Amino acid sequence: AALPGPAPADWAQAPLDPAVRAVLVGFDEHFSYAKLCQALRYLLRGGPGCLLVGTNRDHRLPLEGGAAIPGTGCLVKAVETAAQREAFIVGKPNRYMFDCVASEFDIDPARTIMVGDRLDTDILMGNSCGLTTLLTLTGVTTLDEVKGHQESDCPARQSLVPDYYVDSIADLLPALGD
């Protein structure tokens with residue numbers, strides 16, 4: 001989406017699609033100021049009746065060698081800040097995604113394991129859904145962080161503690177061969 005004209009007044013007057021009733025913020029490598037303006041305009045026009053939905057709040061996406069890029073949470077936060085309202089997050093750690101899957105399939109939480117590399121999304125969702133949790137240390141989380149949460153008396157921090165951890169998901173391959 002390009003900005004329609006050279007001035008902010010032009011941007012605020014561009015036509016909007018009357019059928020739009022929700023703004024969805026997901027990973028977008030082409031996120032721009034123009035898209036942010038358009039999202040805000042839809043949310044202002046629709047008021048509380050226009051949904052603001054985010055896919056996740058991941059702040060960073062880890063890459064090999066310790067590098068990282070901004071995650072979708074940065075984009076969600078930009079729209080939330082502009083709109084002065086909070087998005088409904090459909091992805092982790094919200095249990096919405098798990099509840100949708102569980103309503104369609106016969107899932108026994110006691111026999112289900114959540115595997116992930118982030119405490120604040122993967123492990124938190126697994127714990128809140130009553131799943132066994134397995135942290136892989138190949139993402140942004142360190143074992144020192146886990147130990148800090150484990151030693152805390154704070155219930156919110158305790159909800160970030162996994163049941164198990166492995167250095168890498170590859171550590172599970174021998175068990176899968178059995």
Side-chain angles (χ1 to χ4, degrees), residues 1 16-32 35-36 38-63 68-141 145-146 149-150 152 154-166 169 172:
L16 296 175
D17 182 338
V20 171
R21 302 200 34 167
V23 171
L24 172 64
V25 184
F27 184 80
D28 181 357
E29 67 270 19
H30 302 290
F31 188 80
S32 66
K35 288 181 179 182
L36 180 60
Q38 190 170 3
L40 175 60
R41 291 188 60 229
Y42 277 116
L43 291 165
L44 290 174
R45 183 197 68 188
C50 185
L51 300 176
L52 174 54
V53 179
T55 58
N56 63 71
R57 292 195 182 279
D58 291 6
H59 300 292
R60 289 183 292 151
L61 301 177
L63 303 173
I69 59 171
T72 302
C74 299
L75 308 182
V76 172
K77 185 57 89 177
V79 177
E80 286 178 330
T81 300
Q84 296 180 327
R85 62 191 261 206
E86 193 170 323
F88 176 73
I89 303 300
V90 294
K92 303 171 291 185
N94 189 324
R95 66 174 295 133
Y96 177 80
M97 182 180 2
F98 176 78
D99 289 340
C100 288
V101 172
S103 72
E104 293 293 321
F105 301 97
D106 186 25
I107 294 177
D108 178 2
R111 295 183 40 86
T112 306
I113 188 165
M114 176 67 175
V115 179
D117 65 359
R118 297 182 73 101
L119 296 178
D120 61 341
T121 57
D122 305 318
I123 302 307
L124 179 57
M125 184 184 109
N127 286 339
S128 70
C129 294
L131 310 176
T132 299
T133 54
L134 173 70
L135 174 71
T136 64
L137 296 173
T138 52
V140 297
T141 302
E145 288 177 76
V146 173
H149 293 306
Q150 196 171 29
S152 173
C154 174
R157 290 188 68 190
Q158 285 287 318
S159 68
L160 300 174
V161 176
D163 295 304
Y164 304 100
Y165 73 91
V166 291
I169 196 75
L172 299 177

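This is a predicted model, so every value here is computed, not measured.
- Take Asp99 and apply the salt bridge (Lys or Arg N to Asp or Glu O under 4.0 Å) test, not counting sequence neighbours, and it matches Arg95.
- The two residues Ala82 and Leu36 make their nearest non-hydrogen contact at CB-CD1, 4.1 Å.
- Here OG1 of Thr121 is found 12.0 Å from CG of Asn94. Values are rounded to the nearest 0.5 Å.
- Note that CG of Leu61 and OG1 of Thr72 are 6.0 Å apart. Values are rounded to the nearest 0.5 Å.
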When you look at Ile123 and Leu160, which way does the side chain to side chain contact (heavy atoms under 4.5 Å, CB included) test go after all the steps?
CA-CA 6 Å; Ile123 302 307; Leu160 300 174; 5.5 Å; no
His30 and Lys35: side chain to side chain contact (heavy atoms under 4.5 Å, CB included), yes or no, with the steps?
CA-CA 9 Å; His30 302 290; Lys35 288 181 179 182; 4.0 Å; yes
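- In this structure, His149 places its NE2 atom where more than 12 heavy-atom neighbours from other residues, nucleotides or ligands lie under 6.0 Å away.
- By the side-chain hydrogen bond (donor to acceptor under 3.5 Å, both in side chains) test, Arg85 pairs with no residue at all, sequence neighbours left out.
- Side-chain contact between Pro109 and Phe98 is present, with heavy atoms from C-beta onward closer than 4.5 Å.
- Annotation: salt bridge (Lys or Arg N to Asp or Glu O under 4.0 Å) contacts involving residues 46-58, sequence neighbours excluded, comprise Arg57-Glu80, Arg57-Glu86, Asp58-Arg118.
- Remark: Thr141 OG1 to Leu119 CG distance equals 4.0 Å, nearest 0.5 Å.
- A 6.0 Å sphere centred on CZ of Phe31 holds more than 12 heavy atoms belonging to other residues, nucleotides or ligands.
- Residue-environment remark: CZ (Arg157) exceeds the threshold of 12 foreign heavy atoms within 6.0 Å.
- The structure places CG of Leu43 at 11.0 Å from CD of Gln38, a figure rounded to the nearest 0.5 Å.
- The environment of CZ in Phe88 is crowded: more than 12 heavy-atom neighbours from other residues, nucleotides or ligands sit within 6.0 Å.
- Residue Tyr42 holds its OH atom at 5.0 Å from CG of Asp17, rounded to the nearest 0.5 Å.
- Without hydrogens or angle criteria, Asn56 side chain to Gly91 main chain gives no donor-acceptor distance under 3.5 Å.
- At least one side-chain heavy atom of Leu24 sits less than 4.5 Å from a side-chain heavy atom of Val53.
- The minimum heavy-atom distance linking Leu124 with Ser159 is given by the pair CD1-OG, 3.4 Å.
- When all heavy atoms of Leu135 and Asp117 are compared, the pair lying nearest together is CD1-C, 3.7 Å.
- Contact check for Thr55 versus Phe27: no side-chain heavy atoms found under the 4.5 Å cut-off.
- Considering every non-hydrogen atom in both Thr132 and Asp163, the closest pair reads CA-OD2, 3.2 Å.
- A pairwise comparison of heavy atoms in Glu145 and Val140 identifies OE2-O, 3.5 Å as the closest pair.
- The line from CG of Leu134 to CE of Met114 is 10.5 Å long, rounded to the nearest 0.5 Å.
- Considering every non-hydrogen atom in both Pro93 and Ser128, the closest pair reads O-OG, 4.2 Å.
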